[in-house]
Undergrad: 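First the structure, then my questions, so here it is.
Each chain gets a letter, A, B and so on, in the order its sequence line appears, and its residues count up from 1.
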Amino acid sequence: MKEEEILQSEQSATAEKDAVDRAFGAENRNRLIDRYFDTSASDGITSTNAWQHVYRLLLWSDPTTGLAHCYESDKSQPGKPWYARSLAFHEWVCSELGTEPDALGHEIDWLFIRACTDLAEAMLRRESRLTEVAAEQRLPYQNRGFPEPGADPELAAIIQDALRPYLAQEPQEEIWRAVTQRVRQFLAVQNKRKNLVGEGFEDVLAQVVRRACDVHEASVRTRSLLYEIPGFNRARQGGKENKVDLAVIRPSMRTLVTAKWSVRADREKQFPTEYDEYINAESESRKFQYVFVTNEFDPARLMRACENLHRNSLMFDYVVHINTNAVRATYGDLSRVRDSAGSSRRRVIEHIDAGRLISLEQWLAALSDQ
DNA sequence: ATACCAGGGGCTACTAGGGG
DNA sequence: CCCCTAGTAGCCCCTGGTAT
(Lines give C-alpha, C1' and ligand atoms only; values in the text may rest on other atoms or scores of the structure.)
Protein backbone atom coordinates (compact mmCIF):
# COMPACT_ATOMS: atom_id res chain seq x y z
CA MET A 1 0.00 0.00 0.00
CA LYS A 2 1.23 3.47 -0.87
CA GLU A 3 2.00 5.97 1.85
CA GLU A 4 -0.81 8.27 0.71
CA GLU A 5 -3.37 5.48 0.85
CA ILE A 6 -2.24 4.54 4.32
CA LEU A 7 -2.52 8.14 5.44
CA GLN A 8 -5.93 8.42 3.87
CA SER A 9 -7.28 5.31 5.48
CA GLU A 10 -5.83 6.48 8.77
CA GLN A 11 -7.50 9.83 8.48
CA SER A 12 -10.85 8.35 7.64
CA ALA A 13 -10.44 5.89 10.50
CA THR A 14 -9.77 8.79 12.85
CA ALA A 15 -12.71 10.70 11.49
CA GLU A 16 -15.03 7.73 11.87
CA LYS A 17 -13.95 7.10 15.40
CA ASP A 18 -15.12 9.55 17.98
CA ALA A 19 -12.52 11.63 19.73
CA VAL A 20 -10.00 9.68 21.80
CA ASP A 21 -9.75 10.79 25.40
CA ARG A 22 -6.89 8.63 26.59
CA ALA A 23 -4.46 8.54 23.71
CA PHE A 24 -2.06 6.19 25.49
CA GLY A 25 -4.74 4.08 27.14
CA ALA A 26 -5.23 0.38 26.48
CA GLU A 27 -8.23 0.89 24.22
CA ASN A 28 -6.63 3.39 21.87
CA ARG A 29 -3.35 1.48 21.86
CA ASN A 30 -5.03 -1.65 20.66
CA ARG A 31 -7.12 0.24 18.15
CA LEU A 32 -3.89 1.62 16.67
CA ILE A 33 -2.09 -1.71 16.73
CA ASP A 34 -5.02 -3.36 14.96
CA ARG A 35 -4.95 -0.67 12.33
CA TYR A 36 -1.22 -1.17 11.84
CA PHE A 37 -1.61 -4.88 11.26
CA ASP A 38 -4.55 -4.37 8.93
CA THR A 39 -2.90 -1.71 6.78
CA SER A 40 0.86 -2.15 6.95
CA ALA A 41 1.14 -5.85 7.56
CA SER A 42 -1.69 -7.27 5.53
CA ASP A 43 0.64 -9.81 3.91
CA GLY A 44 0.68 -11.81 7.11
CA ILE A 45 2.68 -12.10 10.30
CA THR A 46 5.03 -15.03 10.53
CA SER A 47 7.44 -16.01 13.25
CA THR A 48 10.18 -14.93 10.85
CA ASN A 49 8.97 -11.40 10.16
CA ALA A 50 7.40 -10.74 13.56
CA TRP A 51 10.46 -8.89 14.87
CA GLN A 52 10.21 -6.40 11.98
CA HIS A 53 6.71 -5.47 12.99
CA VAL A 54 7.70 -5.11 16.62
CA TYR A 55 10.47 -2.72 15.61
CA ARG A 56 8.33 -0.79 13.13
CA LEU A 57 5.70 -0.34 15.81
CA LEU A 58 7.81 0.35 18.87
CA LEU A 59 11.47 1.11 18.13
CA TRP A 60 12.32 4.80 17.98
CA SER A 61 15.24 7.01 17.10
CA ASP A 62 16.91 8.82 19.95
CA PRO A 63 16.44 12.54 19.28
CA THR A 64 19.85 13.42 20.75
CA THR A 65 21.81 11.16 18.41
CA GLY A 66 19.37 10.57 15.57
CA LEU A 67 20.12 6.86 15.87
CA ALA A 68 17.88 3.89 16.55
CA HIS A 69 17.61 3.56 20.29
CA CYS A 70 19.31 0.55 21.83
CA TYR A 71 20.58 1.93 25.13
CA GLU A 72 20.10 4.73 27.63
CA SER A 73 20.80 7.99 25.88
CA ASP A 74 23.24 9.33 28.47
CA LYS A 75 25.57 6.44 27.62
CA SER A 76 24.99 6.71 23.90
CA GLN A 77 26.34 10.22 23.39
CA PRO A 78 29.03 10.79 20.75
CA GLY A 79 32.44 9.74 22.03
CA LYS A 80 31.05 7.31 24.59
CA PRO A 81 31.24 3.54 24.07
CA TRP A 82 27.55 3.07 23.35
CA TYR A 83 27.64 5.62 20.55
CA ALA A 84 29.71 3.21 18.48
CA ARG A 85 27.31 0.40 19.35
CA SER A 86 24.31 2.57 18.52
CA LEU A 87 25.84 3.35 15.13
CA ALA A 88 26.32 -0.37 14.52
CA PHE A 89 22.75 -1.10 15.62
CA HIS A 90 21.40 1.69 13.43
CA GLU A 91 23.19 0.29 10.43
CA TRP A 92 21.93 -3.21 11.13
CA VAL A 93 18.31 -2.11 11.50
CA CYS A 94 18.45 0.03 8.35
CA SER A 95 19.87 -2.75 6.24
CA GLU A 96 17.42 -5.34 7.61
CA LEU A 97 14.40 -3.08 7.12
CA GLY A 98 15.67 -1.83 3.77
CA THR A 99 15.85 1.82 4.76
CA GLU A 100 18.36 4.60 4.29
CA PRO A 101 20.11 5.66 7.52
CA ASP A 102 18.57 9.14 7.39
CA ALA A 103 15.04 7.84 6.83
CA LEU A 104 14.75 5.23 9.54
CA GLY A 105 13.13 7.60 12.03
CA HIS A 106 9.98 7.77 9.91
CA GLU A 107 9.86 4.04 9.21
CA ILE A 108 9.71 3.05 12.86
CA ASP A 109 7.96 4.43 15.96
CA TRP A 110 4.57 3.89 14.34
CA LEU A 111 2.58 3.49 17.54
CA PHE A 112 4.04 6.48 19.38
CA ILE A 113 3.72 8.84 16.41
CA ARG A 114 0.05 7.93 15.92
CA ALA A 115 -0.76 8.07 19.61
CA CYS A 116 0.87 11.51 19.84
CA THR A 117 -1.41 12.75 17.06
CA ASP A 118 -4.39 11.57 19.09
CA LEU A 119 -2.93 13.13 22.20
CA ALA A 120 -2.45 16.46 20.44
CA GLU A 121 -6.06 16.42 19.30
CA ALA A 122 -7.25 15.63 22.79
CA MET A 123 -5.14 18.46 24.22
CA LEU A 124 -6.49 20.86 21.63
CA ARG A 125 -10.00 19.93 22.68
CA ARG A 126 -9.21 20.63 26.31
CA GLU A 127 -7.22 23.78 25.61
CA SER A 128 -10.03 26.27 25.07
CA ARG A 129 -11.64 25.32 28.35
CA LEU A 130 -8.34 25.62 30.17
CA THR A 131 -7.55 29.09 28.79
CA GLU A 132 -11.00 30.17 29.86
CA VAL A 133 -10.46 28.95 33.41
CA ALA A 134 -6.94 30.42 33.45
CA ALA A 135 -8.25 33.85 32.57
CA GLU A 136 -10.65 33.58 35.47
CA GLN A 137 -7.89 32.45 37.79
CA ARG A 138 -5.72 35.40 36.85
CA LEU A 139 -8.53 37.89 37.19
CA PRO A 140 -7.81 38.93 40.82
CA TYR A 141 -4.19 39.73 39.88
CA GLN A 142 -4.93 41.83 36.84
CA ASN A 143 -2.64 44.71 35.91
CA ARG A 144 -0.05 43.85 38.54
CA GLY A 145 2.59 42.61 36.15
CA PHE A 146 2.33 38.93 37.05
CA PRO A 147 4.46 36.63 34.85
CA GLU A 148 2.73 35.48 31.71
CA PRO A 149 2.34 31.69 31.49
CA GLY A 150 4.71 30.07 29.07
CA ALA A 151 7.33 32.79 29.20
CA ASP A 152 10.88 31.50 29.53
CA PRO A 153 13.33 34.41 29.25
CA GLU A 154 16.44 32.21 29.56
CA LEU A 155 15.40 29.89 26.75
CA ALA A 156 14.38 32.90 24.67
CA ALA A 157 17.80 34.45 25.29
CA ILE A 158 19.57 31.33 24.04
CA ILE A 159 17.57 31.35 20.84
CA GLN A 160 18.02 35.07 20.41
CA ASP A 161 21.81 34.86 20.89
CA ALA A 162 22.12 32.17 18.27
CA LEU A 163 19.93 33.94 15.73
CA ARG A 164 20.88 37.55 16.42
CA PRO A 165 22.71 38.13 13.12
CA TYR A 166 19.68 36.87 11.21
CA LEU A 167 17.02 38.84 13.02
CA ALA A 168 15.84 41.92 11.15
CA GLN A 169 13.88 43.07 14.18
CA GLU A 170 13.25 42.20 17.79
CA PRO A 171 10.44 39.63 18.08
CA GLN A 172 7.55 40.63 20.27
CA GLU A 173 7.08 39.11 23.68
CA GLU A 174 4.09 37.00 22.64
CA ILE A 175 6.21 35.50 19.90
CA TRP A 176 8.85 34.47 22.40
CA ARG A 177 6.18 33.02 24.64
CA ALA A 178 4.75 30.99 21.81
CA VAL A 179 8.18 29.78 20.69
CA THR A 180 9.42 28.78 24.13
CA GLN A 181 6.15 27.06 24.87
CA ARG A 182 6.44 25.06 21.67
CA VAL A 183 10.03 24.09 22.45
CA ARG A 184 8.98 22.88 25.87
CA GLN A 185 6.13 20.87 24.42
CA PHE A 186 8.44 19.38 21.83
CA LEU A 187 10.89 18.22 24.48
CA ALA A 188 8.16 17.03 26.82
CA VAL A 189 6.72 14.72 24.17
CA GLN A 190 9.69 12.38 24.45
CA ASN A 191 9.00 11.96 28.16
CA LYS A 192 5.63 10.51 27.37
CA ARG A 193 7.09 7.67 25.38
CA LYS A 194 7.68 5.45 28.38
CA ASN A 195 4.00 5.46 29.11
CA LEU A 196 3.36 3.86 25.78
CA VAL A 197 6.26 1.50 25.29
CA GLY A 198 5.73 -0.41 28.53
CA GLU A 199 2.24 -1.78 28.11
CA GLY A 200 2.39 -1.21 24.36
CA PHE A 201 5.09 -3.87 24.21
CA GLU A 202 2.76 -6.35 25.93
CA ASP A 203 -0.07 -5.50 23.55
CA VAL A 204 2.10 -5.85 20.45
CA LEU A 205 3.51 -9.18 21.62
CA ALA A 206 0.00 -10.45 22.27
CA GLN A 207 -1.06 -9.54 18.74
CA VAL A 208 2.08 -11.08 17.29
CA VAL A 209 1.50 -14.37 19.14
CA ARG A 210 -2.14 -14.48 18.05
CA ARG A 211 -1.34 -13.80 14.43
CA ALA A 212 1.93 -15.64 13.95
CA CYS A 213 1.15 -18.75 16.00
CA ASP A 214 -2.54 -18.90 15.18
CA VAL A 215 -3.53 -18.91 18.82
CA HIS A 216 -7.09 -18.10 19.68
CA GLU A 217 -7.81 -14.54 20.76
CA ALA A 218 -8.95 -15.51 24.25
CA SER A 219 -5.94 -17.74 24.84
CA VAL A 220 -3.54 -14.80 24.78
CA ARG A 221 -4.14 -12.39 27.61
CA THR A 222 -2.42 -9.22 28.67
CA ARG A 223 -2.22 -8.07 32.27
CA SER A 224 -4.49 -10.86 33.36
CA LEU A 225 -4.97 -11.51 37.05
CA LEU A 226 -3.03 -14.60 38.01
CA TYR A 227 -6.01 -16.48 39.45
CA GLU A 228 -7.99 -15.93 36.27
CA ILE A 229 -5.52 -18.10 34.41
CA PRO A 230 -6.60 -21.75 34.50
CA GLY A 231 -4.80 -23.73 37.15
CA PHE A 232 -3.77 -20.85 39.36
CA ASN A 233 -5.38 -20.10 42.70
CA ARG A 234 -6.31 -16.81 44.22
CA ALA A 235 -3.47 -15.51 46.36
CA ARG A 236 -3.65 -15.84 50.12
CA GLN A 237 -5.59 -13.02 51.68
CA GLY A 238 -3.77 -9.77 52.19
CA GLY A 239 -1.41 -10.29 49.33
CA LYS A 240 -2.03 -7.81 46.55
CA GLU A 241 -3.42 -9.04 43.28
CA ASN A 242 -0.80 -10.29 40.89
CA LYS A 243 -1.00 -9.41 37.23
CA VAL A 244 0.79 -11.30 34.50
CA ASP A 245 2.20 -9.19 31.65
CA LEU A 246 1.28 -11.76 29.04
CA ALA A 247 -0.18 -15.24 29.30
CA VAL A 248 -0.51 -17.83 26.55
CA ILE A 249 -2.95 -20.50 27.65
CA ARG A 250 -3.30 -23.75 25.81
CA PRO A 251 -4.19 -27.28 26.86
CA SER A 252 -0.64 -28.47 26.33
CA MET A 253 1.09 -25.67 28.18
CA ARG A 254 0.48 -22.50 30.14
CA THR A 255 3.09 -19.85 29.42
CA LEU A 256 3.50 -16.87 31.74
CA VAL A 257 5.52 -14.09 30.14
CA THR A 258 7.19 -11.13 31.72
CA ALA A 259 7.68 -8.60 28.94
CA LYS A 260 10.01 -5.65 29.41
CA TRP A 261 11.21 -3.52 26.52
CA SER A 262 14.20 -2.81 28.68
CA VAL A 263 15.08 -3.77 32.22
CA ARG A 264 15.80 -1.79 35.38
CA ALA A 265 17.57 -3.17 38.39
CA ASP A 266 14.58 -2.85 40.71
CA ARG A 267 12.30 -4.65 38.25
CA GLU A 268 14.88 -7.34 37.88
CA LYS A 269 14.69 -8.06 41.60
CA GLN A 270 10.98 -8.73 41.30
CA PHE A 271 11.38 -11.63 38.86
CA PRO A 272 12.11 -14.30 41.51
CA THR A 273 9.38 -12.92 43.80
CA GLU A 274 6.82 -13.10 41.01
CA TYR A 275 7.97 -16.57 40.06
CA ASP A 276 7.55 -17.72 43.66
CA GLU A 277 4.02 -16.39 43.67
CA TYR A 278 3.23 -18.21 40.45
CA ILE A 279 4.59 -21.45 41.85
CA ASN A 280 2.63 -21.07 45.08
CA ALA A 281 -0.58 -20.35 43.22
CA GLU A 282 -0.22 -23.25 40.78
CA SER A 283 -3.00 -25.72 41.53
CA GLU A 284 -2.93 -28.43 38.88
CA SER A 285 0.54 -29.77 39.57
CA ARG A 286 1.37 -29.28 35.95
CA LYS A 287 4.42 -27.64 34.48
CA PHE A 288 4.02 -24.04 33.36
CA GLN A 289 6.61 -21.95 31.59
CA TYR A 290 8.07 -18.70 32.82
CA VAL A 291 9.41 -16.67 29.91
CA PHE A 292 11.22 -13.35 29.69
CA VAL A 293 10.81 -11.33 26.48
CA THR A 294 12.85 -8.16 26.09
CA ASN A 295 14.63 -5.75 23.79
CA GLU A 296 17.32 -5.03 26.36
CA PHE A 297 20.87 -4.59 25.03
CA ASP A 298 22.71 -4.22 28.31
CA PRO A 299 25.01 -7.26 28.51
CA ALA A 300 24.99 -7.51 32.30
CA ARG A 301 21.20 -7.56 32.46
CA LEU A 302 20.87 -10.06 29.60
CA MET A 303 23.50 -12.26 31.17
CA ARG A 304 21.72 -12.34 34.51
CA ALA A 305 18.40 -13.14 32.84
CA CYS A 306 20.05 -16.13 31.17
CA GLU A 307 21.88 -17.36 34.24
CA ASN A 308 19.64 -16.58 37.20
CA LEU A 309 18.74 -19.64 39.19
CA HIS A 310 15.67 -20.31 41.25
CA ARG A 311 16.06 -23.17 43.70
CA ASN A 312 19.01 -24.37 41.75
CA SER A 313 17.44 -24.50 38.32
CA LEU A 314 17.15 -21.84 35.66
CA MET A 315 14.41 -19.38 36.52
CA PHE A 316 13.31 -18.63 32.95
CA ASP A 317 12.37 -21.42 30.59
CA TYR A 318 13.13 -19.09 27.71
CA VAL A 319 15.02 -15.80 27.56
CA VAL A 320 13.86 -14.08 24.38
CA HIS A 321 15.34 -11.06 22.64
CA ILE A 322 13.47 -9.42 19.78
CA ASN A 323 16.37 -10.22 17.51
CA THR A 324 19.61 -11.77 18.67
CA ASN A 325 21.28 -10.84 15.38
CA ALA A 326 20.72 -7.23 16.38
CA VAL A 327 22.58 -7.95 19.61
CA ARG A 328 25.46 -9.52 17.70
CA ALA A 329 25.65 -6.60 15.29
CA THR A 330 25.52 -4.08 18.10
CA TYR A 331 28.30 -5.68 20.13
CA GLY A 332 30.43 -6.00 17.01
CA ASP A 333 33.66 -7.95 16.75
CA LEU A 334 34.77 -8.79 20.28
CA SER A 335 37.90 -10.68 19.34
CA ARG A 336 40.11 -7.64 19.75
CA VAL A 337 38.34 -6.20 22.76
CA ARG A 338 40.42 -6.74 25.86
CA ASP A 339 38.97 -9.41 28.02
CA SER A 340 37.82 -7.50 31.08
CA ALA A 341 35.98 -4.86 29.05
CA GLY A 342 34.16 -7.27 26.80
CA SER A 343 33.59 -10.24 29.06
CA SER A 344 29.90 -9.76 29.70
CA ARG A 345 29.22 -9.03 26.04
CA ARG A 346 31.20 -12.16 25.17
CA ARG A 347 29.15 -14.18 27.66
CA VAL A 348 25.92 -12.95 26.08
CA ILE A 349 27.14 -14.04 22.64
CA GLU A 350 27.98 -17.44 24.11
CA HIS A 351 24.43 -17.68 25.43
CA ILE A 352 23.11 -16.90 21.95
CA ASP A 353 25.39 -19.53 20.41
CA ALA A 354 24.28 -22.06 22.99
CA GLY A 355 20.60 -21.37 22.37
CA ARG A 356 19.99 -20.03 25.85
CA LEU A 357 19.24 -16.52 24.61
CA ILE A 358 16.91 -16.89 21.65
CA SER A 359 15.20 -14.63 19.14
CA LEU A 360 11.51 -13.84 19.03
CA GLU A 361 11.43 -15.93 15.86
CA GLN A 362 12.68 -19.02 17.67
CA TRP A 363 10.30 -18.58 20.56
CA LEU A 364 7.28 -18.14 18.28
CA ALA A 365 8.32 -21.26 16.42
CA ALA A 366 8.56 -23.15 19.70
CA LEU A 367 5.11 -21.87 20.70
CA SER A 368 3.66 -23.01 17.39
CA ASP A 369 4.97 -26.50 18.01
CA GLN A 370 3.50 -26.83 21.47
C1' DA B 1 47.34 9.87 39.97
C1' DT B 2 44.28 9.91 36.28
C1' DA B 3 40.91 8.71 32.91
C1' DC B 4 37.65 5.81 31.44
C1' DC B 5 34.11 2.38 31.57
C1' DA B 6 30.49 -0.80 33.23
C1' DG B 7 27.13 -1.11 36.28
C1' DG B 8 23.65 0.32 39.25
C1' DG B 9 20.76 3.36 42.70
C1' DG B 10 17.46 6.60 43.10
C1' DC B 11 14.66 9.92 41.17
C1' DT B 12 11.74 12.02 37.53
C1' DA B 13 8.05 12.64 34.30
C1' DC B 14 4.24 10.82 32.88
C1' DT B 15 -0.24 8.31 32.25
C1' DA B 16 -4.07 5.17 33.13
C1' DG B 17 -7.41 3.77 35.91
C1' DG B 18 -9.84 3.19 40.27
C1' DG B 19 -12.22 5.12 44.15
C1' DG B 20 -14.30 8.69 46.85
C1' DC C 1 -15.13 15.66 39.01
C1' DC C 2 -10.78 15.41 41.57
C1' DC C 3 -7.32 12.79 44.01
C1' DC C 4 -4.46 9.05 44.63
C1' DT C 5 -1.84 4.90 43.47
C1' DA C 6 0.56 1.81 40.54
C1' DG C 7 3.48 1.19 37.10
C1' DT C 8 6.34 2.34 32.96
C1' DA C 9 11.16 3.46 31.23
C1' DG C 10 14.66 7.00 30.88
C1' DC C 11 17.81 10.39 33.07
C1' DC C 12 21.24 11.99 36.36
C1' DC C 13 24.77 10.90 39.02
C1' DC C 14 27.69 8.00 41.86
C1' DT C 15 30.85 3.92 42.70
C1' DG C 16 34.27 0.61 42.07
C1' DG C 17 37.40 -1.61 39.01
C1' DT C 18 40.96 -1.43 35.53
C1' DA C 19 44.26 0.23 32.23
C1' DT C 20 47.58 3.83 31.39
Side-chain angles (χ1 to χ4, degrees), chain A residues 20-32 58-65 67-86 109 111-112 115-116 118-120 122-123 126 129-130 133 137 184-205 222-225 239-246 258-271 273-274 292-305 307-308 322 330-332 334 336-348:
Chain A
V20 176
D21 262 341
R22 285 179 293 246
F24 292 176
E27 191 187 335
N28 194 45
R29 252 177 3 233
N30 280 296
R31 186 181 67 90
L32 289 171
L58 295 174
L59 187 67
W60 66 95
S61 70
D62 183 326
T64 64
T65 60
L67 300 174
H69 176 279
C70 67
Y71 205 57
E72 277 124 57
S73 80
D74 59 325
K75 285 148 178 129
S76 305
Q77 290 308 302
K80 299 197 171 186
W82 278 90
Y83 187 60
R85 290 167 210 166
S86 297
D109 213 12
L111 188 57
F112 184 67
C116 279
D118 293 341
L119 184 72
M123 280 171 72
R126 286 173 211 140
R129 201 183 63 85
L130 287 173
V133 176
Q137 289 167 322
R184 277 185 183 285
Q185 266 169 22
F186 173 74
L187 296 173
V189 157
Q190 290 299 324
N191 281 330
K192 303 178 200 295
R193 179 184 299 282
K194 35 184 132 356
N195 303 304
L196 192 76
V197 80
E199 293 192 347
F201 188 38
E202 298 163 9
D203 295 333
V204 168
L205 283 177
T222 51
R223 299 173 291 282
S224 163
L225 288 168
K240 67 166 188 283
E241 304 292 4
N242 210 329
K243 280 186 186 170
V244 183
D245 290 349
L246 182 69
T258 177
K260 310 272 167 258
W261 182 261
S262 71
V263 162
R264 301 284 300 99
D266 51 334
R267 302 291 300 159
E268 213 174 350
K269 281 177 198 141
Q270 291 177 21
F271 291 156
T273 319
E274 278 174 7
F292 176 44
V293 183
T294 189
N295 191 51
E296 179 61 67
F297 280 79
D298 182 310
R301 297 171 195 163
L302 282 175
M303 204 176 74
R304 278 195 296 271
E307 297 175 5
N308 268 357
I322 295 306
T330 303
Y331 292 178
L334 295 173
R336 269 185 255 163
V337 179
R338 62 171 199 280
D339 206 63
S340 59
S343 63
S344 55
R345 269 174 291 159
R346 208 167 280 123
R347 278 257 281 285
V348 169

Undergrad: For A/Lys80 and B/dA6, what is the distance between atoms NZ and C1' respectively, to the nearest whole Å?
TA: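 Between C1' of B/dA6 and NZ of A/Lys80: 12 Å.
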Undergrad: Round to a whole Å and report the spacing from CZ of A/Arg301 to P of C/dA9.
TA: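 Rounded to whole Å, this separation is 11 Å.
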Undergrad: Excluding sequence neighbours, so at least two apart, what forms side-chain contact (heavy atoms from CB on, under 4.5 Å) with A/Ala84?
TA: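 A/Ala84: no side-chain contact (heavy atoms from CB on, under 4.5 Å) contacts found.
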Undergrad: Would a 4.5 Å heavy-atom cut-off, applied to side chains only, mark A/Phe112 and A/Trp60 as touching?
TA: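 Not touching, per the 4.5 Å side-chain cut-off.
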Undergrad: Any side-chain heavy atom of A/Leu59 sitting closer than 4.5 Å to one from A/Trp261?
TA: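 Yes, close enough: below the 4.5 Å cut-off.
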Undergrad: Given atom CD of A/Glu274 and atom C1' of C/dA6, what is their separation to the nearest angstrom?
TA: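 Result: 14 Å.
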Undergrad: In terms of the nearest nucleotide of DNA chain B, which residue is placed more toward the 5' end: A/Arg304 or A/Gly79?
TA: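 Of the two residues, A/Gly79 wins.
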Undergrad: Kindly compute the distance separating CZ (A/Arg29) from CG (A/Leu196), expressed to the nearest 0.5 Å.
TA: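 It comes to 6.5 Å.
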Undergrad: Please report the closest heavy-atom contact between A/Ser73 and A/Asp62, naming both atoms and the distance.
TA: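 In this case the closest contact between A/Ser73 and A/Asp62 is CB-OD2, 2.8 Å.
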Undergrad: Would you tell me if any nitrogen or oxygen in the side chain of A/His69 comes within less than 4.0 Å of OP1 or OP2 on C/dA9?
TA: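 No, because none of the side-chain N or O atoms of A/His69 sits under 4.0 Å from OP1 or OP2 of C/dA9.
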Undergrad: Would you work out how much the helix from B/dA1-C/dT20 to B/dG20-C/dC1 bends between its ends, with each end axis defined by five base pairs, to 10 degrees?
TA: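 Computed from the C1' atoms at both ends, the axes differ by 20°.
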Undergrad: List in chain and number order the residues that pass side chain to side chain donor-acceptor pair (under 3.5 Å) with A/Asp109, two or more places apart in sequence or in another chain; answer none if no residue qualifies.
TA: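 Testing A/Asp109 for side chain to side chain donor-acceptor pair (under 3.5 Å), a comparison that skips the adjacent residues, returns A/Arg193.
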Undergrad: Checking A/Arg22 now: which residues fulfil side chain to side chain donor-acceptor pair (under 3.5 Å) with it, not counting sequence neighbours?
TA: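 Residues passing side chain to side chain donor-acceptor pair (under 3.5 Å) with A/Arg22: none at all.
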Undergrad: Using a 4.0 Å heavy-atom cut-off to protein, can you give one letter per nucleotide of nucleotides 12-20 of chain B, 5' to 3': B if the base is in contact, S if only the sugar-phosphate is, - if neither?
TA: -BBSSS---
Undergrad: Quick one: which of B/dC5, B/dG7, C/dA9 gets closest to the side chain of A/Pro299?
TA: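 Comparing B/dC5, B/dG7, C/dA9 against the side chain of A/Pro299, the answer is B/dG7.
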Undergrad: Kindly say if A/Ser73 contacts the phosphate of C/dC11, meaning a side-chain N or O under 4.0 Å from OP1 or OP2.
TA: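 Yes, such a contact exists.
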Undergrad: Atom CD of A/Gln77 and atom P of C/dC13: how far apart are they, to the nearest Å?
TA: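 From A/Gln77 CD to C/dC13 P: 14 Å.
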Undergrad: Mind checking side-chain contact (heavy atoms from CB on, under 4.5 Å) for A/Glu296 and listing every partner two or more places apart, or none if nothing turns up?
TA: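 Listed in chain order: A/Tyr71, A/Ser262, A/Val263, A/Thr294, A/Asp298, A/Arg301, A/Leu302.
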Undergrad: Hey, what's the ring geometry for A/Tyr331 with A/Trp82, parallel, tilted or perpendicular (30° and 60° as the breaks)?
TA: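 The rings of A/Tyr331 and A/Trp82 stand perpendicular, inter-plane angle above 60°.
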Undergrad: Mind checking if A/Arg347 touches a base, just sugar-phosphate, or nothing, with heavy atoms under 4.0 Å?
TA: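 If one applies the 4.0 Å heavy-atom cut-off, A/Arg347 turns out to touch nothing in the nucleic acid.
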Undergrad: Taking atom P of C/dG10 as reference, at what distance in whole Å does atom CZ of A/Phe297 sit?
TA: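 That distance rounds to 12 Å.
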Undergrad: Is A/Arg193 near enough to C/dC11 that one of its side-chain N or O atoms lies under 4.0 angstrom from OP1 or OP2?
TA: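 No, outside the criterion.
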Undergrad: Can you measure A/Tyr71 atom OH to C/dC12 atom P for me and round it to whole angstrom units?
TA: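 Distance, rounded to whole Å: 15 Å.
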Undergrad: Between C/dA9, B/dA6, C/dC12, which one does the side chain of A/Val197 approach most closely?
TA: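 Of the candidates, C/dA9 comes closest.
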Undergrad: Below the 4.0 Å mark, does B/dA6 have OP1 or OP2 next to a side-chain nitrogen or oxygen of A/Ser344?
TA: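 The answer is no; no side-chain N or O of A/Ser344 sits under 4.0 Å from OP1 or OP2.
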Undergrad: When rounded to the nearest 0.5 angstrom, what is the spacing between NZ in A/Lys260 and CG in A/Asn295?
TA: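 Between A/Lys260 NZ and A/Asn295 CG, I get 14.0 Å after rounding to 0.5 Å.
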Undergrad: Can you tell me the distance, in whole Å, between the NZ atom of A/Lys75 and the C1' atom of B/dG9?
TA: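 Rounded to the whole Å, the gap is 10 Å.
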Undergrad: Taking CG from A/Asp245 and P from C/dT8, how many angstroms apart are they, rounded to a whole number?
TA: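 Atom-to-atom, A/Asp245 to C/dT8, this comes out as 7 Å.
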Undergrad: Name the closest nucleotide to the A/Lys260 side chain, picking from C/dT8, B/dA6, B/dG7.
TA: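 Looking only at side-chain atoms, A/Lys260 lies closest to C/dT8.
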